[in-house]
J.: 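Right, I'll just put the structure down here and ask away after.
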Amino acid sequence: MLPEENILFEGIDFNDCRRMIECFNIECCKYKSGNLVAEFSDSNDKIGIILSGTAVMVKYDINGNRTIIEKLGEQEIFGELFTFSGTSRSCVEVISESECEVMFFRYSDITKRCSKACQCHSRLVENLLMLMSEKAISLNERIEVLSQRSIEDKLVSCLQIIEDKTPVGEEPKIPFSTTELSDYLCVNRSALQREIAKLKNRGVLKIEKRKFRLNRS
């Protein structure tokens, strides 16, 4: 992906993009499926943007239980600022799901005062803040799902968000396998499968493979 095609550099001249990539020590790395892309600690201010492919952010507690925080697609941002870690007893990692390319930079480098007051730097900060705003919305949606009391309510809330964000004319599709979905919802896999079966029997949910339709009437 060329710099000007990256949402972080939207509205910035190609030559300015190249200059800032060097100025801020921005690096791009490629990963094969299943590779560790990033591991976060409390002192890590590194931020990544998925340029191509997909990855998943996962959290492991002290007992080794896995929670999927989110699935990351092209042009999506991730970093320690968005991990919900909150404790040194948990490990948060980003794992590539397919071959992917990731751009890395440090938040402190981007937001530091520019001695030359470059207009392109100001635009870069604006683009970064926009990405962070979109991430905040995504994390609020995540909290909304996890705040539901029952497995059914968590599942329906998750599916409604996916359905609402699906472009008109396209069929909603769950971005997770059943095991991944149970990790995302923080519920038992077998219990989740039972709830899916109940919703199908009640006519609330139609699902084939990962494509689905909710009947909200």
J.: Applying salt bridge (charged side-chain N to carboxylate O under 4.0 Å, His left out), run through E70 and K135 and close with a yes or a no.
T.: CA-CA 11 Å; E70 63 178 326; K135 176 61 68 174; 2.8 Å; yes
J.: Just how far is it from atom CD of Q75 to atom CD1 of I50, taken to the nearest 0.5 Å?
T.: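 Those atoms lie 10.5 Å apart.
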J.: Using 4.0 Å as the upper bound for N to carboxylate O, is an ion pair formed by E97 and K71?
T.: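 Salt bridge flag = yes for E97 with K71.
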J.: Can you tell me how far apart OG (S52) and CD (E101) are? Round to the nearest 0.5 Å.
T.: 5.0 Å
J.: Are L124 and M20 close enough that some pair of their side-chain heavy atoms sits under 4.5 Å apart?
T.: yes
J.: Tell me whether E141 is salt-bridged to K165, with the criterion being a basic N under 4.0 Å from an acidic carboxylate O.
T.: yes
J.: When you compare the side chains of E144 and Q148, does any donor N or O come within less than 3.5 Å of an acceptor on the partner?
T.: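 A pair is found: one side chain offers a donor N or O, the other an acceptor, under 3.5 Å apart.
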J.: Rounded to the nearest 0.5 Å, what's the gap from CD on E74 to CD on E76? Could you check?
T.: 10.0 Å
J.: Should M130 and I7 count as side-chain neighbours, where that means a heavy-atom distance under 4.5 Å?
T.: yes
J.: Below 4.5 Å, heavy atoms only, C-beta onward: do L205 and N215 meet side chain to side chain?
T.: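 Contact flag for L205/N215 side chains = no.
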J.: Looking only at side-chain N and O atoms, does S108 offer a donor or acceptor that is under 3.5 Å from a partner on D45?
T.: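 Yes, side-chain donor-acceptor contact under 3.5 Å.
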J.: Determine whether C158 and L181 make a side-chain contact, defined as any pair of heavy atoms from C-beta on separated by less than 4.5 Å.
T.: yes
J.: Tell me if the aromatic rings of F24 and F105 count as close, with their centers under 6.0 Å from one another.
T.: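 No, the ring of F24 stays outside the 6.0 Å limit from the ring of F105, centre to centre.
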J.: Evaluate the side-chain proximity of F104 to I47: yes if any heavy-atom separation is below 4.5 Å, no if none is.
T.: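 With C-beta onward as the side chain, the pair stays apart.
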J.: Do V37 and F78 have side-chain heavy atoms sitting under 4.5 Å apart?
T.: yes
J.: Answer yes when E195 and K198 have at least one side-chain N-carboxylate O distance shorter than 4.0 Å, and no when they do not.
T.: yes
J.: Would you confirm whether S177, through its side chain, and E180, through its main-chain N or O, come within 3.5 Å as a donor-acceptor pair?
T.: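 Such a contact is found between S177 side chain and E180 backbone.
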J.: Within the distance-only criterion (no hydrogens, no angle test), does the side chain of K59 pair as donor or acceptor with the backbone N or O of E93 below 3.5 angstrom?
T.: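 The answer is no, because no donor-acceptor pair under 3.5 Å joins these two groups.
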J.: Nearest 0.5 Å, what's the SG-CG distance between C120 and N15?
T.: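 Atom-to-atom, C120:SG and N15:CG are 10.5 Å apart.
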J.: Is it true that E152 and R202 make a salt bridge, defined as a side-chain N closer than 4.0 Å to a carboxylate O?
T.: yes
J.: I need the L214 CG to L155 CG distance, nearest 0.5 Å.
T.: 8.0 Å
J.: So which atom in Y107 and which in L128 form the shortest heavy-atom distance, rounded to 0.1 Å?
T.: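 Heavy atoms only, the tightest pair is CD1-CD2, 4.1 Å.
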J.: Rounded to the nearest 0.5 Å, how far apart are CZ of R66 and SG of C91?
T.: 12.5 Å
J.: Given side chains that start at C-beta, do those of M57 and V92 come closer than 4.5 Å, heavy atoms only?
T.: yes
J.: Would you say N35's side chain and K32's backbone share a donor-acceptor pair under 3.5 angstrom?
T.: yes
J.: Given side chains that start at C-beta, do those of Y31 and C29 come closer than 4.5 Å, heavy atoms only?
T.: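 They are in contact (side-chain heavy atoms under 4.5 Å apart), so the answer is yes.
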J.: Do side-chain atoms of S133 reach the backbone of L129 as a donor and acceptor pair under 3.5 angstrom?
T.: no
